[in-house]
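Taking it in order: structure first as C-alpha cells, then the write-up.
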Amino acid sequence: MRLSRSKEVYSAKVRVPELMAVTASQSALTGLPRRLVQDGIVSEQGILDAIEGARKARSPLVAYLVANDLADSRAIAVAASHEFGVPLLDLDAIEVDMECLRSVDQKLLSKHRVLPLLKRGQRLFLGISDPTNLQAIDDIKFQTSMRVDPVVVEQAKLEERIAKALEAADTSMSGLEDDDFDLENLEVTSGEEERDDAARDDIEDAPVVRFVNKVLLDAIKRGASDIHFEPYEKVFRVRTRLDGVLSEIATPPVALANKVCARLKVMSRMDIAERRVPQDGRIKMRLSKNRAIDFRVSTCPTLFGEKVVLRILDPSSAKLGIDALGYEDHQKQLYQKHLDKPYGMILVTGPTGSGKTVSLYTGLNILNTEDRNISTAEDPAEINLPGVNQVNVNPKVGLTFASALKAFLRQDPDVIMVGEIRDLETAEIAIKAAQTGHLVLSTLHTNDAPRTLTRLVDMGVKPYAIATSVSLIIAQRLARKLCDNCKEQRDVPHEALEKEGFTQDDIDHGLTIFGPVGCKVCNAGYKGRLGIFQVMEVSETMGRIIMEGGNAIQIADQAVSEGVIDLRRAGLNKVKEGLTSLEEINRVTIE
C-alpha cells in the first residue's frame, strides 16, 4: 500500500506543471477574448497573438481582429452580445439621427470608434463593437451628461457608418479648417449695397462665412454640379448633386438658415431685403491665380424661408474637346461636318442638367478662331469663353433673346448662339439668320430629336422655314459612368436582355453586362458621367414630311430607316461597351 501510495504521489507531482500551465493559460483570457475562444471563433493562440498585436498597434482588440481578417465581424458581435447581455443591432436597419450625432464631440467618436444612434430623453444609445470599452462609455457620459446605454454592432459596419457620419458632420459648423484655403478670407465676389445692422450681423458672422465657403469648396472638390440649401420647419439641409444624383451632406441648425441665405445673396449681389420673389445672381470664387469657378445662384421663397440653389460652372468643362463628350464616331463626324458649314441651324435638346451647355460650348470652342465673329445671347452666360462676344439677356430692361439677336445681325456675325429658343419671335429671328448665311446654335426642351421639329411647328414656325434652315439636331442625356476600379460582371438571362432592347445578334456575340459595386474611389459604384446622344441630320425626306404636316412618329420612322439610333439604343451601346450599367440606362431613357 505504501509503495502504491508513493507511486500515486509521484505521478501527481509529475502532472502538476502541466495542470498549472493550462490553468495559467485559461486565466489569462477573460471577458470577450475567452468567449471568442470558447465559441471557436478564434483559436487560443490566435487571440493571444491578436491581443499582443492590438497592444503594439494601439488599436482596440475587435478592430484589430476585423481589420486583419482574423475573425468575422458578425460572429464577434453575436458573441459580445451573448457574453455581456447587451442588445445586438444591425446598422443597415436604421438611419443615424444627425441631431443625436452632433451631441457628441467628434474627437471622442474618432478616438473611441463609437457611434451615437438615438436619444430618448436623457438616455443616449451608443453603437459599440466591444461593450468592455468602459472608457468610451464614461467619456461620452461625462461630455453629454446623459445616461449611456451600449448597443452591440458589427465592427465593419460601424467603421463605415462612422466614416460617413464624420464626413457629413465635417460640412457642418465644426471642423471647418482647411489646409489649402483661408475659409474666412476666401476671394469671392461680394455685393457692396447698403444694408441694415441686422443684415450686417448675418453676413459678417464668421462661422457662417466659413461654413458657406467650406460647402462650396467641398462641392468643387467632389465634382458636384449643384448645391441645394433647403430650409424646412424643423430641419435645414444641404444637398449636392453628384453624377446627377442628389445626396445630403449636412444638416446645420435651423436657426442658421436665414444667415446662410443672406450670406449667399450678398456674395451673388442680390437684394437681401427682398424675400418675397425669386432672384438670380452669380458668384465667382478664385481658387488660384489660374483657376476660378463660377456659381449661378437662384433663390426661391418657400414656406419656411428661401431655398437657394447654386449651379457650379467650371470653364474647363468647355475645353474638354469633342472626343471627351462620349459621341460615337459617326455622331462626332456628323457634328463636326455641320460645324464646318457656313450656315444652317444646329439644335441641342434635352432636359435641364443633360449637358446641353457643354455640347454647345464645345462646338463654339472649335469655331472660336481669329477669322470668325461669334456672338451669344444667354440667360445667363454660364461659361466665360475669351474671343466670344457674350451677352446676358435682361428682360427687365428690354434686352430679350429676340432683341439681342436683332442687334447681332447688325454687327456682321459669322456664328450666333442663342441660349434657348423659348418663343415664336426668337425662333423666327434665329431661323432667318440661319437662312441668310449665318451658323446658328441653340437649345430647345424636347424629349428626342424627331419631336424637336414638331415642337417648332407647334410654336408657330412655318414648316418650310424649318425644313430649309434646321440642319442637325442632337438629343442627349447624361448617364453615370461605372467605376473601373470595382465594377463587376452580371449574369443576366437572355430573355431579360431581349426585353431590354438588345438584339439576338448582340447576345450571340458574347454580350457582357457590368454592374456597380462601390469602393473608396467612387460614389456607389459610379465615377463621372458620359453622354448618350441621338444625332439626327435633317434630310430632304424629313423636310418633306414636315412640310406635308407629318408628325414626330413619321419623322422618327424615317430617321430609323436612315440609320439614326435613338437615345435608348445609344444607351444600350454604352452598356455593351461596359461603360455604364443597365440600371442607369433604364433611369435616364425609356424602354
Side-chain angles (χ1 to χ4, degrees), residues 91-110 114-121 123-127 140 143-144 146 157-178 183 202 205-243 245-265 267 295 297-310 312 523-524:
L91 280 177
D92 289 339
I94 66 162
E95 286 293 330
V96 176
D97 185 347
M98 294 300 294
E99 189 66 32
C100 175
L101 181 70
R102 280 194 294 270
S103 66
V104 179
D105 191 332
Q106 290 181 40
K107 292 179 181 178
L108 290 179
L109 302 186
S110 298
V114 294
L115 187 67
L117 302 174
L118 187 67
K119 280 200 300 187
R120 283 291 181 267
R123 296 176 67 187
L124 175 67
F125 294 91
L126 187 71
I140 292 174
Q143 187 249 313
T144 60
M146 300 178 71
K157 293 180 180 179
L158 177 64
E159 287 294 335
E160 183 181 346
R161 283 297 187 98
I162 289 173
K164 288 182 178 179
L166 291 178
E167 182 183 355
D170 187 49
T171 44
S172 67
M173 294 308 295
S174 59
L176 294 177
E177 297 304 322
D178 194 289
L183 293 173
D202 283 351
D205 189 345
V208 171
V209 171
R210 292 189 294 120
F211 171 68
V212 171
N213 290 346
K214 177 69 173 177
V215 170
L216 268 55
L217 281 172
D218 283 351
I220 293 169
K221 290 176 183 176
R222 296 179 66 199
S225 60
D226 301 87
I227 310 171
H228 295 239
F229 295 86
E230 302 169 313
Y232 298 97
E233 184 177 10
K234 297 181 180 179
V235 179
F236 176 41
R237 71 176 177 181
V238 182
R239 294 191 292 173
T240 58
R241 188 180 294 278
L242 184 62
D243 294 335
V245 178
L246 277 170
S247 61
E248 184 178 293
I249 63 165
T251 53
V254 178
L256 291 176
N258 288 337
K259 292 185 177 184
V260 170
C261 178
R263 172 62 183 166
L264 290 167
K265 288 169 76 173
M267 292 169 70
F295 297 85
V297 187
S298 173
T299 69
C300 183
T302 66
L303 286 177
F304 303 103
E306 290 178 280
K307 175 180 177 179
V308 186
V309 177
L310 282 71
I312 302 174
N523 181 31

Would you confirm whether R222, through its side chain, and L242, through its main-chain N or O, come within 3.5 Å as a donor-acceptor pair? no

From R161 CZ over to L158 CG, what is the distance, rounded to the nearest 0.5 angstrom? 10.0 Å

How would you list, by chain and number, every residue that makes a side-chain contact (heavy atoms from CB on, under 4.5 Å) with T302, sequence neighbours excluded? P231, K307

Quick check for you: to the nearest 0.5 Å, what is the distance between L256 atom CG and F236 atom CZ? 7.5 Å

In terms of heavy-atom contacts, V212 and R263 come closest through CG2-CG, 3.9 Å

Reported CD1-to-CZ distance for the pair I227 and F295, which is rounded to 0.5 angstrom: 5.5 Å

Closest heavy-atom contact between Y232 and R237? OH-NH2, 3.3 Å

Are D92 and E160 close enough, and set up right, to give a side-chain contact (heavy atoms from CB on, under 4.5 Å), and what steps lead you there? CA-CA 11 Å; D92 289 339; E160 183 181 346; over 6 Å; no

Nearest heavy atoms of V238 and V215, plus distance in Å: CG1-CG1, 4.0 Å

Heavy atoms only: give me the nearest L124-P116 pair and the separation to one decimal. CD1-CB, 4.1 Å

Positive for side-chain contact (heavy atoms from CB on, under 4.5 Å) with L126, one of L117, I140, L115, L118: I140

How long is the straight-line distance from NZ of K119 back to OG1 of T144, given to the nearest 0.5 Å? 8.5 Å

Least distance between heavy atoms, V254 atom then V235 atom: CG2-N, 3.4 Å

Quick one: list whatever passes side-chain hydrogen bond (donor to acceptor under 3.5 Å, both in side chains) with N523, sequence neighbours left out. none

Partner residues of R120 under the side-chain hydrogen bond (donor to acceptor under 3.5 Å, both in side chains) criterion, sequence neighbours left out: none

With sequence neighbours left out, the residues meeting side-chain contact (heavy atoms from CB on, under 4.5 Å) with Q143 are V104, D105, L108

Value for NE2 (H228) from CZ (R241), rounded to nearest 0.5 Å, stands at 5.0 Å

Roughly how far, to the nearest 0.5 Å, is the OG1 atom of T299 from the CG atom of L264? 10.0 Å

side-chain hydrogen bond (donor to acceptor under 3.5 Å, both in side chains) partners for R239, two or more places apart: E230

Go through I312 and L216 one step at a time and tell me if the side-chain contact (heavy atoms from CB on, under 4.5 Å) criterion holds. CA-CA 9 Å; I312 302 174; L216 268 55; over 6 Å; no

Under the side-chain contact (heavy atoms from CB on, under 4.5 Å) test, residues paired with E159 that sit two or more places apart: R113, Q155

